[in-house]
Amino acid sequence: MSTPLVWLPFDPTDLGDPPEGLRYEVVDPTREVPASVGEVSFYVPPYRLDTSVASVLPQMTSLEVVQTLTAGVDNVLAHVPAGATLCSGRGIHDASTAELTLTLLLSSLRGVPDFVHAQDRHAWSPQWRPALADRHVLLVGHGAIGRAIEARLLPFEVTVTKVARSARDDVRALADLPSLLPDADVVILIVPLTESTRGLVDADFLDAMKDGALLVNMARGAVVVTDDLVAALHSGRITAAVDVVDPEPLPADSPLWDAPGLLVSPHVGGASSAMWPRAHRLVRDQLHRYAAGEPLWNVLSADR
């Protein structure tokens, strides 16, 4: 029996103590697909998943495990070969994405973009702005990142209502959104992109939001209907801060760029110094489990 081959997007020494008994190759399929593609047993794709990553998966005829470095797997899910196990990067981006969520939220409420523009003009422009304190926050999505966001929200003296696909304990169901939206000052989206969440935030959703409410999208761009968001922003009823858009990268002629009351960051929720230590720990632990024949974490499909 041949030694299982592992493809990594980084040097295996970054893992500290990778398990022995495995072969390692550092591969970036966006540049080159080595001839060993048919021997790969355990594959960790690059963090930035694009079409080249998806197209290489069907060539991996010996593939057993795909371990993404992303929390969402919508870019690769349909391309994972039958019989392979898909594991998400859940836990890698919790801290970093939660930090950016609060950054965008607070920057939008307190008018930080206006201060930056005023600084560019050498203008002293005081403003009276809403605080986060005493706001009612509707947190749509309560997985690992959602819980990390909630933990950082609570010290700001807010009320948090949590929503997930199905109700549990103190978490409400997505079906309850129409009755919850009118009372929320801030709506944070951190749901996975699925058939049930694609286009979730449409004209009806936005119309149901409270006058003056802030929408923060940290999920996927396609969770929000772009044209409907642009229309809502131009109405002046709501404001928004988004780390994800549809499509990405955002075209230069997109109406989102000039929409009033919008703060945009270029999908950098996980792109911080907090990512790689957590990514290396997760991959290392998964490889040790794989080598020992133990159950893997974050399994989304296990057909083998």
Side-chain angles (χ1 to χ4, degrees), residues 71 92-121 123-163 180-191 201 205-206 209-221 223-224 229-230 232-233 235-245 248 250 256-275 278:
I92 293 176
H93 304 290
D94 299 0
S96 184
T97 302
E99 283 185 5
L100 185 62
T101 303
L102 269 292
T103 299
L104 293 177
L105 196 169
L106 289 165
S107 296
S108 296
L109 289 178
R110 298 303 297 266
V112 171
D114 291 342
F115 299 146
V116 173
H117 294 316
Q119 183 177 351
D120 290 340
R121 302 191 308 270
W124 188 261
S125 301
Q127 296 180 11
W128 185 271
R129 300 282 301 199
L132 177 54
D134 306 326
R135 301 299 103 181
H136 178 192
V137 179
L138 186 60
L139 184 56
V140 185
H142 202 247
I145 297 177
R147 291 190 292 273
I149 293 171
E150 180 189 15
R152 288 157 177 80
L153 279 171
L154 292 176
F156 284 87
E157 302 176 41
V158 299
T159 301
V160 179
T161 298
K162 296 163 285 192
V163 178
L180 299 173
L181 286 168
D183 295 323
D185 299 296
V186 178
V187 179
I188 300 174
L189 307 173
I190 190 62
V191 291
V201 181
F205 184 109
L206 296 164
M209 288 177 61
K210 186 177 186 178
D211 284 356
L214 170 66
L215 177 72
V216 182
N217 188 9
M218 304 300 295
R220 285 290 187 266
V223 171
V224 176
L229 176 59
V230 171
L233 291 169
S235 76
R237 283 194 56 253
I238 67 165
T239 56
V242 300
D243 184 50
V244 289
V245 292
E248 292 183 5
L250 192 61
L256 278 175
W257 288 118
D258 298 312
L262 177 64
L263 175 58
V264 179
S265 58
H267 202 155
V268 290
S272 82
S273 60
M275 174 190 162
R278 289 159 178 78

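Heavy atoms only: backbone and side chains are in, while hydrogens, waters and symmetry mates are out. Note that this is a predicted model, so its numbers are computed, not measured.
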Task: Distance, nearest 0.5 Å, that separates OG1 of Thr97 from CD1 of Ile145 - done: 4.5 Å

Task: Residues that Asp183 engages under salt bridge (charged side-chain N to carboxylate O under 4.0 Å, His left out), provided they are two or more places apart - done: none

- [ ] Measure the CG-CD distance between Leu132 and Glu157 for me, rounded to the nearest 0.5 Å.
- [x] 9.5 Å

Open item on the list: So, using salt bridge (charged side-chain N to carboxylate O under 4.0 Å, His left out) as the criterion, who are the partners of Lys162 when residues are at least two apart?
Closed with: Glu150, Asp170

Task: For the student: nearest non-hydrogen atoms of Ala131 and Arg110, plus distance - done: CA-CD, 4.3 Å

Open item on the list: Is it the case that the side chain of Arg129 and the backbone of Leu109 share a donor-acceptor pair, with hydrogens and angles ignored and the cut-off at 3.5 Å?
Closed with: yes

Open item on the list: I need the Thr101 OG1 to Leu189 CG distance, nearest 0.5 Å.
Closed with: 10.5 Å

Task: Between CZ on residue Arg147 and CZ on residue Arg152, distance to nearest 0.5 Å - done: 12.5 Å

Open item on the list: Taking Arg237's backbone N and O only, do any of them form a donor-acceptor pair with Asp211's side chain (distance below 3.5 Å, no angle check)?
Closed with: no

- [ ] Could you check if a side-chain atom of Leu215 sits within less than 4.5 angstrom of a side-chain atom of Leu229, using non-hydrogen atoms only?
- [x] yes

TODO: Report yes or no: does Ser235 contribute a side-chain atom to a donor-acceptor pair with the main-chain N or O of Ala232 at less than 3.5 Å?
DONE: yes

Open item on the list: For the backbone of Phe156 and the side chain of Arg135, can you confirm whether one donor and one acceptor N or O come within less than 3.5 Å of each other?
Closed with: no

Open item on the list: Are more than 12 heavy atoms, taken from residues, nucleotides or ligands other than Gln119, located less than 6.0 Å from that residue's CD atom?
Closed with: no

Open item on the list: Any heavy-atom pair between the side chains of Met275 and Ile92 that's under 4.5 Å?
Closed with: yes

Open item on the list: Quick check: do Ser108 and Thr239 have side-chain heavy atoms less than 4.5 Å from each other?
Closed with: no

- [ ] Nearest 0.5 Å please: distance from the NE2 atom of His267 over to the CG atom of Asn217.
- [x] 9.5 Å

Task: Trace of the side chain to side chain contact (heavy atoms under 4.5 Å, CB included) decision for Val201 with Val187 - done: CA-CA 11 Å; Val201 181; Val187 179; over 6 Å; no

Open item on the list: Return the CG to CD1 distance between Leu139 and Ile190, rounded to the nearest 0.5 Å.
Closed with: 8.5 Å

Open item on the list: Just so I know, are the side chains of Leu214 and Asp185 near enough to count as touching, which here means a heavy-atom distance under 4.5 Å?
Closed with: no

Open item on the list: Please check this pair: side chain of Asp243 against backbone of Gly269, looking for a donor-acceptor N/O pair closer than 3.5 Å.
Closed with: yes

Task: Closest non-hydrogen atom pair, Ser272 against Ser96 - done: OG-OG, 2.8 Å

- [ ] Identify the two heavy atoms, one from Ala241 and one from Leu262, that lie closest to each other, and give their separation to 0.1 Å.
- [x] N-CD1, 4.3 Å

Task: Atom of Ser107, atom of Pro113 and distance for their closest heavy-atom approach - done: O-CD, 3.4 Å

